[in-house]
Amino acid sequence: MDFEYTREEEAFRQEVRDFLDENLPPREQRGSDFMENWLARVREKRWVGFSWPREVGGGGGDIMSQVILKEEMAARRAPPLGTCMMGLAWVGPGIIQYGTDEQKARFIPDILDSKYHWCTGYSEPNVGSDLAALQCKALRDGDHYVINGTKIWTTLAPIASWISMLVRTDNFGSEEAKHEGITALLVKLDAPGIEIRPIENMAGQRAFAQIFFDNVRVPVANRLGDEGKGWAVTISSLANERSSIGEVTAMYSKLESLKELVRRTTRNGKPLSDKPSVRRELARFEAKIEAMRLNGLRYLTRQIRGQPLSSETSVNKLHRADLEVEMGDFAVSILGQAGNQTRRQEGAVDNGSWAADALGWPSVVIGGGTPNIQKNIIAERILKLPKD
Amino acid sequence: MDFEYTREEEAFRQEVRDFLDENLPPREQRGSDFMENWLARVREKRWVGFSWPREVGGGGGDIMSQVILKEEMAARRAPPLGTCMMGLAWVGPGIIQYGTDEQKARFIPDILDSKYHWCTGYSEPNVGSDLAALQCKALRDGDHYVINGTKIWTTLAPIASWISMLVRTDNFGSEEAKHEGITALLVKLDAPGIEIRPIENMAGQRAFAQIFFDNVRVPVANRLGDEGKGWAVTISSLANERSSIGEVTAMYSKLESLKELVRRTTRNGKPLSDKPSVRRELARFEAKIEAMRLNGLRYLTRQIRGQPLSSETSVNKLHRADLEVEMGDFAVSILGQAGNQTRRQEGAVDNGSWAADALGWPSVVIGGGTPNIQKNIIAERILKLPKD
Amino acid sequence: MNFGFTEEQELLREQVRKFLEERCPTSTVRSIMNSDAGYSSEHWSQMAALGWLGLMIDESHEGVGLGWIDLIVVLEEMGRSLCPTPFVSHCLTASTLCELGNEEQKKTCLPGLASGDTIGTIAVLDIPDDPIADNLTLQASADPGGIILTGTKPFVTDAGSADLFLVAYRHANKPGLAIVRRQDDGVSASSTATMDLTKRTGTLTLENVKVPAAQLIPMTEAQLIRLLDKGVVAVTAEMVGAAEAIIEMTTSYARERIQFGHPIGKYQGVKHRLAEMYVDVESFKSLAYFAAWCVDEDPDQLPRAASLAKAYASDAFAQMGIDGVQLHGAIGFTQEYDIQLYLKRSKWARPMFGDADYHYERVAALTL
Amino acid sequence: MNFGFTEEQELLREQVRKFLEERCPTSTVRSIMNSDAGYSSEHWSQMAALGWLGLMIDESHEGVGLGWIDLIVVLEEMGRSLCPTPFVSHCLTASTLCELGNEEQKKTCLPGLASGDTIGTIAVLDIPDDPIADNLTLQASADPGGIILTGTKPFVTDAGSADLFLVAYRHANKPGLAIVRRQDDGVSASSTATMDLTKRTGTLTLENVKVPAAQLIPMTEAQLIRLLDKGVVAVTAEMVGAAEAIIEMTTSYARERIQFGHPIGKYQGVKHRLAEMYVDVESFKSLAYFAAWCVDEDPDQLPRAASLAKAYASDAFAQMGIDGVQLHGAIGFTQEYDIQLYLKRSKWARPMFGDADYHYERVAALTL
């Protein structure tokens with residue numbers, strides 16, 4: 001057991017730090033061209049798609065260096081390494097693993113260069129946790145598929161140019177063989193027959209959309225992987241999730257802001273930071289976040305050693321979901337009426353940012369597979385308990 | 001809405017109080033014949049079997065007077081009104097509702113006179129929450145049933161003379177018709193073929209037993225209700241539970257002892273009663289107990305008005321289960337190592353009584369139908385959610 | 001002993017529920033909550049016509065002369081429907097005037113409140129949120145024939161719509177209430193929505209406001225606390241109704257939403273949480289009813305009873321708000337679905353007139 | 001960065017597990033825990049022979065010279081099996097002597113500890129239970145060539161079986177440790193079982209015990225706290241193993257126990273609780289491993305790391321003890337079934353070297 005880093009790893013960490021010293025000025029000093037330059041510089045370093053193979057344009061980096069890169073970026077609250085978020089997180093890895101050479105050549109460079117946005121289409125109105133029950137269908141017509149149906153909860157859809165989506169090309173209406181007959185397609189969002197309808201969430205943001213497909217024609221060349229084998233593509237992209245290092249740093253930084261808040265806030269004349277229940281709750285958050293950090297490192301060690309993981313990542317997902325809800329609610333629970341006021345409302349604390357946090361958790365908590373599903377995964381796959 | 005009592009009710013309350021003043025000396029002044037006299041006096045008053053019809057020897061009392069009687073008895077920590085606990089709580093009401101005139105004449109007076117103990121035989125080794133899956137069988141042989149099988153978790157079995165038990169007389173091995181074919185029998189425990197093996201619980205007490213039946217012959221005259229209709233007998237005896245008034249008084253008295261404990265106990269030089277988390281937890285117990293009291297009164301009002309209850313009693317059962325576990329654990333959780341020491345162990349607090357409490361909850365919590373079962377009952381019967 | 005409602009009270013409940021179902025369905029709630037006024041003057045007149053605005057006011061002052069148990073029947077239904085209205089503020093004002101005002105003050109103020117021509121609210125604490133006497137700090141200065149008030153009261157509910165304010169102050173070491181009207185010189189008040197858009201709050205600013213002695217209501221500290229405890233009871237009664245709505249909406253969703261081939265209400269992960277919610281609502285409902293009964297019938301027991309109810313409700317309802325949304329999955333947190341409105345109500349209600357921490361501590365102080 | 005065990009450590013774990021499975025199955029645990037001695041001297045010699053008793057002792061003093069990460073591998077397995085043994089007390093004694101003793105003291109004491117001829121324990125706090133310096137109050141009086149100790153140390157683990165006690169005292173405003181032997185004049189100690197019959201505790205009574213200077217170990221307050229933090233880590237490591245045993249036993253019961261036609265493990269009410277237990281144990285295991293690593297490799301981080309681990313474990317393991325029994329239904333709370341032994345262990349472990357309240361508060365003091 002060893003929490004030290006090798007000399008090479010430390011050197012890489014220093015390289016990242018030096019880079020950030022040079023290229024990441026304080027927020028108020030950033031000019032209008034900052035973001036463009038930033039993206040160009042990190043692209044030059046091959047830090048975009050850091051773990052992707054060098055032959056497709058990635059960095060070919062190993063897991064440990066990736067952890068270091070994420071840690072340092074998160075610690076300095078650096079902007080993302082590319083703006084094509086879904087492309088970098090989900091679509092790119094899928095194309096690299098299952099795509100044809102043409103698809104790789106066509107899509108990967110654009111993702112790395114932040115050319116345009118991608119979104120992903122899994123959920124449907126009657127299909128939530130039970131992803132394989134999807135009904136959006138695509139029928140073959142010569143060298144095209146014709147899509148009819150709808151996708152919902154599609155993040156970024158209002159600004160994306162492409163969608164990587166799952167459709168049903170076979171086994172319509174079969175409950176038993178529902179995992180078969182699913183196909184993954186890459187679809188340009190300006191195709192005729194597509195309508196995108198934004199969905200407003202309870203915090204008033206429009207980050208999601210429902211997309212309607214009415215006889216949308218997609219070339220067979222845009223199929224990702226084999227026909228009917230789209231479930232494997234999805235599974236592999238879900239399994240693509242690595243340890244939650246960046247997340248942990250973000251949670252620590254959220255915890256720091258809570259600590260800062262309770263230090264400067266008084267109630268009945270005393271700082272909230274002196275209140276025993278406040279102190280205990282913050283310490284409990286710290287224990288959970290530190291557990292996430294260490295769980296992540298323990299599982300990472302297993303991966304580096306080539307020992308297969310089962311579904312251990314669900315452990316940190318459950319912590320994350322709890323913490324999102326609890327930390328999101330914590331500030332407003334101790335700030336009284338003022339804490340509940342949102343932006344531009346009378347008496348709001350910190351311009352309503354805590355109140356906004358208290359309404360922001362569901363996209364994380366529900367989006368990543370509900371806690372109940374995560375518990376089923378642990379119970380069934382790790383503890384070998386019977387299925388529901 | 002009115003929490004006052006009628007003049008008649010207040011007069012009855014006064015009658016009980018006067019009786020207690022006269023007949024319930026302080027514990028240290030009670031002589032060896034106290035209990036015998038006590039039982040005789042309350043029997044004279046017809047307070048044993050208070051709500052049972054007068055023609056079988058009961059008191060014919062109404063619900064409200066029964067509540068008052070229970071409240072006053074519990075408030076003064078009076079001894080029970082009869083020592084035949086299971087007879088008064090379960091067996092007697094069953095015999096009154098389903099028994100023949102001969103059975104009533106034979107058993108009810110003895111129950112009221114605390115002549116001997118009864119126990120009840122429902123659970124079996126492979127039959128816990130799913131009571132109707134019982135397998136202990138009784139085959140008809142002329143004017144006898146012949147019982148083979150076993151009953152477990154039978155409270156008081158080691159000292160009881162009779163058992164009221166469920167056996168299967170039909171539908172052996174049928175999952176679907178399992179509620180049919182169950183028969184209730186009244187069995188004398190000295191019958192040949194009966195073996196009683198006490199079970200020690202984790203607190204070291206032997207209040208339970210497993211009973212083995214090997215070709216035990218029981219006269220058909222001892223059957224309670226019709227053959228194959230024993231499930232109805234059970235259901236009605238379970239439904240016979242009234243509001244939890246006596247229980248609530250007992251919980252309040254337990255809460256009082258906890259308050260007294262934290263007032264006289266210091267930790268790092270300060271009374272535990274000054275510690276905010278201790279104060280909050282005790283107040284939370286108080287809220288739950290008071291909620292139980294008021295829920296009980298609300299449901300009681302409905303009963304008095306003749307409005308049918310669904311399974312609302314499960315609400316208080318769940319509170320009770322939580323409180324038993326939480327209050328049982330609370331003292332030892334704040335007393336440190338000393339609190340964990342049981343009787344005759346080094347440094348025990350209050351001769352280990354808190355430690356004993358911390359091990360005593362399961363019989364209440366599990367015995368009354370596990371919390372998971374109670375939640376199913378509420379979800380399915382009241383909220384009309386689908387069955388598992 | 002009788003812990004149930006009378007036939008009249010059940011009829012009142014039916015009347016209120018019917019009114020709100022017909023006149024204030026969620027579509028109406030949404031359009032009112034997004035309006036500037038934050039309440040519907042049409043509803044207000046209708047409520048006046050039905051006698052609800054004068055519910056607490058005795059008949060000699062043109063009211064209906066009912067009590068707190070009747071009031072909470074109305075409040076429970078209001079909570080269920082989320083109807084945006086200054087009703088709670090108004091009733092607290094009326095109830096306080098009835099109890100503490102002199103005959104002249106009653107004659108002047110109550111008929112207007114009963115008819116709804118005047119909307120009333122209370123402005124008590126200068127330091128939010130704990131409902132303790134120390135948090136009333138506004139010092140009045142002496143003036144010939146009365147007092148002068150200068151200061152700001154934060155978080156005055158419905159400050160924007162109210163015409164009449166009962167403003168708490170201290171003078172000569174004693175607390176009192178001043179009857180102040182919106183049009184009085186030096187008075188200004190406006191309110192914004194809260195996170196829960198169906199509820200409004202604002203600041204009441206008083207600049208050299210002269211209040212003649214005839215408009216002053218002397219008050220003991222105990223009466224001040226009693227006034228705040230009435231607020232506790234009113235808010236908790238609304239929480240009961242809103243919490244029941246969460247169970248109803250989520251239960252019906254759980255019966256219909258199919259996942260993995262079954263309604264999600266079949267899975268214990270969902271059904272047990274709903275059962276726990278039921279246990280909690282049944283319980284803080286009983287506590288709230290009893291506290292309401294204490295207001296009129298057993299004032300000595302009110303502090304403990306009110307605190308037990310609000311403490312239990314604050315924690316339980318806040319968790320229900322969150323879980324109600326979560327059990328709905330993604331649809332639950334869309335603006336167009338109603339369950340999230342109840343989440344916001346649960347956040348709003350939690351600190352009102354004291355949160356669970358405050359009220360549990362108060363119970364401990366009273367009983368430990 | 002490498003957060004895993006070495007091959008040697010995995011082999012050690014296998015060796016310990018195999019030993020305990022073979023030599024200390026539950027039937028043996030039960031017979032030892034009901035014996036007067038409370039441990040098996042046969043086990044003790046075997047453990048000595050396997051080198052476990054000298055694990056922390058360097059080779060120059062006839063030990064094996066391993067570190068805390070190796071130790072917690074053994075402790076985790078001990079926790080899993082509930083093996084009744086003074087092993088933890090013994091290791092804390094050895095580790096402290098190695099770190100703080102002078103060469104002469106090491107020469108005198110360590111070989112006996114490594115061979116198991118001497119059983120060691122520590123007697124630190126005079127006021128249980130919070131592991132803070134203020135709770136060491138025993139004042140030594142001066143004596144030519146040493147000190148005199150008079151007093152009683154409560155809750156000294158394994159006081160009945162120990163031969164050598166490291167007794168904490170204060171003298172001239174400074175804390176120190178005295179090496180005291182059972183046979184020394186004025187020393188008496190005995191122990192009884194605790195609620196967890198596999199663990200023993202007792203009072204060490206010192207009456208005019210003369211301790212020569214050569215037997216005294218000077219200590220700073222920081223070293224005192226570090227000694228207690230080692231206790232925290234050791235107890236938490238045992239909790240990890242015991243908690244995993246609860247999951248294993250309950251999971252296997254849930255797979256086999258049929259109710260309503262299905263294994264109870266099919267119902268989310270059961271399976272989700274088990275999944276939550278898994279999440280908790282994975283988490284306090286990671287925290288405990290890291291704290292153990294800090295003992296040897298990053299002492300500055302030890303206080304926070306140890307407190308996070310013990311705080312998380314105390315709450316989570318206590319709840320698991322209760323739920324493990326509850327999920328077993330009636331059979332779970334019979335004396336003959338093993339799950340209740342783990343409930344008792346969870347009660348025992350909770351306050352040892354500080355409970356969750358203490359450790360969370362300490363984290364707050366360190367980080368807020």
Side-chain angles (χ1 to χ4, degrees), chain B residues 1-6 9 64 67-68 255-256 258-259 262-263 273-274 276 278-284 286-302 304-305 307 312 314-319 322 371-372 374-380 382-388, chain C residues 1-6 9 67 69 247-248 250-252 254-255 262-268 270-280 282-290 292-294 297-298 301 304-305 307-309 311-313 315 356-357 359-368:
Chain B
M1 206 167 288
D2 185 4
F3 289 87
E4 312 285 324
Y5 293 85
T6 64
E9 287 161 355
M64 214 47 242
V67 168
I68 291 167
L255 180 61
E256 276 312 312
L258 286 177
K259 287 181 183 173
V262 302
R263 278 187 219 112
S273 55
D274 286 355
V278 165
R279 295 168 68 80
R280 193 187 209 278
E281 190 67 354
L282 290 173
R284 200 177 62 82
E286 183 142 349
K288 276 199 163 193
I289 301 172
E290 180 71 359
M292 281 180 74
R293 180 178 84 87
L294 295 168
N295 287 339
L297 292 176
R298 204 149 56 81
Y299 301 146
L300 192 66
T301 299
R302 295 240 291 265
I304 293 173
R305 292 183 179 181
Q307 294 158 349
E312 282 83 354
S314 289
V315 169
N316 277 357
K317 278 190 196 153
L318 278 165
H319 276 314
D322 278 358
N372 279 353
Q374 301 298 341
K375 288 179 195 170
N376 267 6
I377 288 174
I378 290 175
E380 293 166 12
I382 300 179
L383 303 178
K384 310 294 182 204
L385 287 165
K387 296 204 177 241
D388 283 339
Chain C
M1 207 299 304
N2 159 19
F3 193 13
F5 293 99
T6 62
Q9 286 158 345
I69 293 295
I247 294 182
E248 283 158 25
T250 312
T251 306
S252 108
R255 278 192 292 254
H262 298 285
I264 59 170
K266 178 184 158 73
Y267 303 111
Q268 291 186 348
V270 172
K271 74 201 279 192
H272 283 188
R273 181 62 195 115
L274 282 163
E276 289 159 5
M277 289 183 182
Y278 180 82
V279 169
D280 281 339
E282 282 294 286
S283 299
F284 69 75
K285 178 194 271 189
S286 294
L287 292 167
Y289 287 176
F290 182 65
W293 182 80
C294 288
E297 305 294 336
D298 197 347
Q301 282 208 61
R304 173 176 173 273
S307 281
L308 286 173
Y312 195 129
D315 277 351
D357 262 12
H359 284 291
Y360 278 130
E361 171 53 35
R362 188 187 189 206
V363 169
L366 289 167
T367 65
L368 186 55

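The structure presented is a predicted model; accordingly, all values stated were derived computationally and were not measured. To find a chain, count down the sequence lines: A is the first, B the second, and so on, and within it residues start at 1.
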Grab the two heavy atoms, one from B/A291 and one from C/Y312, that are nearest each other, plus how far apart they are.
CB-CE1, 4.4 Å

Under a 4.5 Å heavy-atom cutoff, which of B/R280, B/M64, B/K387 has the most pairs with chain C?
B/R280

Can you see which heavy atom on B/L383 is nearest to which on C/A275, and at what distance?
CD1-N, 4.1 Å

Region of B/L255 in contact with chain C, defined by heavy-atom distances below 4.5 Å:
neither

From the list B/I378, B/D388, B/V278, B/I377, the residue making the most non-hydrogen contacts under 4.5 Å with chain C is B/D388

Find the distance between OH (C/Y278) and CD (B/E312) and round it off to the nearest 0.5 Å.
4.5 Å

Can you name the residues that form a side-chain hydrogen bond (donor to acceptor under 3.5 Å, both in side chains) with C/Q9, not counting sequence neighbours?
C/T6, C/D70

Counting only non-hydrogen atoms closer than 4.5 Å, does C/A292 touch chain B with its backbone (N, CA, C, O), its side chain (CB onward), both, or neither?
neither

Main-chain N/O of C/N2 paired to B/R305 side chain as donor or acceptor, under 3.5 Å:
no

Side chain to side chain contact (heavy atoms under 4.5 Å, CB included) for C/T251 and B/K384? Distances and angles first, verdict last.
CA-CA 8 Å; C/T251 306; B/K384 310 294 182 204; over 6 Å; no

Side chains of B/R284 and C/Y360: does their closest heavy-atom pair fall under 4.5 Å?
yes

Would you give the length of the straight line joining atom CE of B/M292 to atom CD of C/E282, rounded to the nearest 0.5 angstrom?
13.5 Å

Name the member of C/V363, C/T367, C/I69, C/D315 that forms the most heavy-atom pairs with chain B at distances under 4.5 Å.
C/T367

Side chain / backbone / both / neither for B/R263 at chain C, heavy atoms under 4.5 Å
side chain

Using non-hydrogen atoms only, which part of C/A365 is less than 4.5 Å away from chain B: side chain, backbone, both, or neither?
both

What is the distance from atom CZ of C/F3 to atom CG of B/D2, rounded to the nearest 0.5 Å?
11.5 Å

Region of B/E281 that comes under 4.5 Å of a non-hydrogen atom in chain C:
neither

Under a 4.5 Å heavy-atom cut-off, does chain B meet the side chain of C/E276, its backbone, both or neither?
side chain

Just how far is it from atom CG of C/D280 to atom NZ of B/K288, taken to the nearest 0.5 Å?
7.5 Å

Provide the closest heavy-atom pair for B/P386 versus C/R255 in the form atom of the first, atom of the second, distance.
CD-CG, 4.4 Å

Taking atom NZ of C/K271 and atom CG of B/N372, what is their separation to the nearest 0.5 Å?
10.5 Å

Cut-off 4.5 Å, heavy atoms of chain C, and the answer for B/E9 is side chain

Heavy-atom distances under 4.5 Å only: say whether B/L282 touches chain C with side chain, backbone, both or neither.
side chain

Between C/L287, C/L274, C/L366, which shows the greatest number of heavy-atom pairs under 4.5 Å with chain B?
C/L287

Tightest non-hydrogen contact, residues C/S283 and B/V315, listed as OG-CG1, 4.3 Å

Do B/M1 and C/E297 have side chains that approach each other closer than 4.5 Å (heavy atoms only, starting at C-beta)?
no

What option among C/H359, C/E361, C/R273, C/R362 has the most heavy-atom pairs under 4.5 Å with chain B?
C/E361

Report the option among B/R302, B/E4, B/E290 that has the most heavy-atom pairs separated by less than 4.5 Å from atoms of chain C.
B/E290

Interchain contact, C/L368 with chain B, by part (heavy-atom threshold 4.5 Å)
both

B/V262 versus chain C, the contacting section by heavy-atom distance below 4.5 Å
side chain

If I measure from the heavy atoms of chain B, does C/Y289 come under 4.5 Å with its side chain, its backbone, both, or neither?
both

Counting only non-hydrogen atoms closer than 4.5 Å, does B/K259 touch chain C with its backbone (N, CA, C, O), its side chain (CB onward), both, or neither?
both

Counting heavy-atom pairs under 4.5 Å to chain C, which of B/T6, B/I382, B/I304, B/L318 comes out on top?
B/I382

Picking from B/K317, B/Q374, B/K375, B/H319, what satisfies side-chain contact (heavy atoms from CB on, under 4.5 Å) with C/V279?
B/H319

Where is the tightest heavy-atom contact between B/L385 and C/A254, given as atom of each residue plus distance?
CD2-CB, 3.9 Å

Within the 4.5 Å heavy-atom criterion, are B/F3 and C/D298 side-chain neighbours or not?
no

To the nearest 0.5 Å, tell me how far B/L294 CG sits from C/W293 CH2.
10.5 Å

